[in-house]
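Below you'll find the structure, written out as structure tokens, and then a few comments.
Whatever order the structure lists them in is the order used to number ligands and atoms, beginning at 1.
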Amino acid sequence: MPRIVETIVTTMDANGTAHIAPLGLIEDGPHWIIAPFKPSRTLDNLRAVPYAAASHTDDVRVIAGCVTGRKIWPLTPTTAVKGARLADCVSHWELRVEEVIEDSERPRFKCGIVHQETHKGWEGFNRAQAAVLELAVLTTRFRMLPPKKIEDELRYLEIAISKTAGPREDEAWEWLMEKVAAWRQSLFDKSEGT
Ligand SMILES: Cc1cc2nc3c(=O)[nH]c(=O)nc-3n(C[C@H](O)[C@H](O)[C@H](O)COP(=O)(O)O)c2cc1C
């Protein structure tokens, strides 16, 4: 399996409006592949404007926020390509689409890094950040995964939160748990036939 790096991807539509979404970039030699499932704004934007920025953030609230309807995070213009990146990030890549590999479910946009910058120091691994990342991914797959798998993983991830979270990780976890609560309620409503 190729290595995948979880980033915040910003793309632009033809009118110059920025769109932000967490996506896993797939390593492919010197290239990075953006693979959005259909339908997606990221996909539409990459077809309209073949550039993207990948921001590497240590603030997991951005990731949790994006999957819980909190998409307003400060952006700043990119340096070498048309676009925007997270204003507060550890580093970022500016990407140009070099090839599109079409697929009925998940086209792949093969990108080259045309510019990269580092903005601040990396503060090391934190288990709670990894737990937030995992739960954020799980909440985008409620419809694909058996409920028991989600509940089992949640129980395990909670350990890292209770032992190692700081305020940002706690806040991100709370947002995700609101989404989990809504999902549990929807399962209950379905079982009650309401
Ligand atoms: C860490 C993380 C990685 C993700 N990676 C992908 C991905 O590679 N492809 C994808 O389609 N969605 C991915 N998602 C889900 C997207 O962020 C989500 O579906 C998003 O809304 C994309 O659709 P949009 O471009 O219309 O906003 C990921 C979510 C998280 C939290």
Side-chain angles (χ1 to χ4, degrees), residues 1-28 31-73 75 83-86 89-93 95 97 99-111 113 125-145 149-150 153-154 156-157 160-161 168-169 171-180 182-183:
M1 288 294 280
R3 185 164 166 260
I4 295 180
V5 172
E6 310 299 343
T7 72
I8 299 295
V9 172
T10 33
T11 50
M12 290 280 192
D13 69 14
N15 298 319
T17 306
H19 178 72
I20 167 171
L23 280 108
L25 266 53
I26 305 160
E27 189 172 30
D28 181 17
H31 294 99
W32 290 91
I33 293 171
I34 304 176
F37 284 99
K38 286 184 181 177
S40 114
R41 285 236 351 240
T42 300
L43 190 148
D44 296 343
N45 284 0
L46 285 172
R47 290 203 197 281
V49 181
Y51 297 100
S55 301
H56 309 300
T57 181
D58 55 2
D59 185 350
V60 287
R61 291 177 307 174
V62 183
I63 295 162
C66 283
V67 298
T68 57
R70 297 166 175 89
K71 286 209 160 200
I72 312 292
W73 297 95
L75 300 178
R85 63 165 173 91
L86 277 183
C89 61
V90 174
S91 61
H92 83 277
W93 297 333
L95 302 162
V97 177
E99 189 186 344
V100 184
I101 301 136
E102 294 296 349
D103 184 83
S104 58
E105 286 179 3
R106 199 180 183 190
R108 295 158 76 87
F109 294 83
K110 191 170 176 175
C111 301
I113 298 178
F125 293 115
N126 171 252
R127 290 177 61 203
Q129 288 176 344
V132 168
L133 187 66
E134 288 302 321
L135 183 54
V137 173
L138 279 179
T139 69
T140 66
R141 301 198 176 154
F142 282 149
R143 261 177 259 154
M144 294 177 239
L145 296 172
K149 180 175 169 58
I150 292 172
E153 292 208 11
L154 191 51
Y156 178 70
L157 295 172
I161 295 295
R168 293 190 309 191
E169 292 77 26
E171 191 173 15
W173 187 261
E174 271 170 36
W175 294 345
L176 293 169
M177 287 307 292
E178 285 166 13
K179 192 170 172 183
V180 169
W183 165 73

Give the residue and atom name of whichever protein heavy atom lies nearest to atom 23 (O) of ligand 1, and the separation in Å to one decimal. S40 CB, 3.8 Å
Between ligand 1 and I63, is the shortest N or O to N or O distance under 3.5 Å? no
Would you mind checking which non-hydrogen protein atom is closest to atom 22 (C) of ligand 1, with the distance to 0.1 Å? A21 CB, 4.1 Å
If you look at every heavy atom in G16 and M12, which pair is closest and at what distance? O-SD, 3.2 Å
Run the numbers for me: atoms of ligand 1, each under 4.0 Å from some heavy atom of A136, listed by number. 31 (C)
Within the protein, is there a heavy atom lying under 4.0 Å from atom 18 (C) of ligand 1? no
Please classify the E6 to ligand 1 contact at 4.0 Å (heavy-atom distances, strictly less than): side chain, backbone, both or neither. side chain
Decide whether an N or O pair under 3.5 Å exists between F37 and ligand 1. yes
With a 4.0 Å heavy-atom cut-off (strictly under), which part of K71 contacts ligand 1: side chain, backbone, both or neither? side chain
Distance to 0.1 Å, residue and atom name: give those for the protein heavy atom nearest to atom 26 (O) of ligand 1. R41 N, 2.8 Å
If we check salt bridge (charged side-chain N to carboxylate O under 4.0 Å, His left out) with E102, which of these qualifies: K110, R47, R108, K38? R47
Quick one: does atom 5 (N) of ligand 1 have a protein heavy atom under 4.0 Å from it? yes
Between W93 and H56, how do the two ring planes meet: parallel, tilted or perpendicular, split at 30° and 60°? perpendicular
I'd like to check whether L43 has a polar contact with ligand 1, where a contact means an N/O of the residue lying under 3.5 Å from an N/O of the ligand. no
Provide, to 0.1 Å, the distance between atom 13 (C) of ligand 1 and the closest protein heavy atom, together with that atom's residue and name. P22 O, 3.9 Å
Counting N and O atoms only, with roles assigned by atom type, does the side chain of T11 sit under 3.5 Å from a partner on the main chain of L46, one being a donor and the other an acceptor? no
Which atoms of ligand 1 have any heavy atom of L133 under 4.0 Å away? 1 (C)
For atom 9 (N) of ligand 1, closest protein heavy-atom neighbour: A35 O, 3.0 Å
State whether the side chain of N15 and the backbone N or O of T17 hold a donor-acceptor pair below 3.5 Å, judged by distance alone. no
Could you give the distance from CD1 (I33) to CD1 (I101), rounded to the nearest 0.5 Å? 5.5 Å
Going by heavy-atom distance to atom 7 (C) of ligand 1, choose the closest among R108, R106, R141. R106
What residue and atom, counting heavy atoms only, is the protein's closest point to atom 25 (O) of ligand 1, and at what distance? T42 OG1, 2.6 Å
Under-4.0 Å heavy-atom contact with ligand 1, by part of P39 that carries it: neither
Greater than 12 external heavy atoms within 6.0 Å of E105's CD: no
For W73 and R61, which heavy atoms make the closest approach, and how far apart are they? CZ2-O, 3.3 Å
Could you identify the single nearest non-hydrogen protein atom to atom 27 (O) of ligand 1 and state the distance to 0.1 Å? H19 NE2, 2.7 Å
For ligand 1, which is the ligand I care about here, please tell me if V137 has any N or O atom under 3.5 Å from one of the ligand's N or O atoms. no
Heavy-atom donor-acceptor pair, S55 side chain to T57 backbone, under 3.5 Å: no
Can you tell which part of I34 has a heavy atom less than 4.0 Å from ligand 1: side chain, backbone, both or neither? neither
Distance (rounded to the nearest 0.5 Å) between I34 CD1 and R106 CZ: 11.5 Å
Over all heavy atoms of both residues, which pair between A14 and A48 is shortest? Give the atoms and the distance, please. N-CB, 4.2 Å
How close do R168 and D58 get, counting heavy atoms only, and between which atoms? NH2-O, 3.2 Å
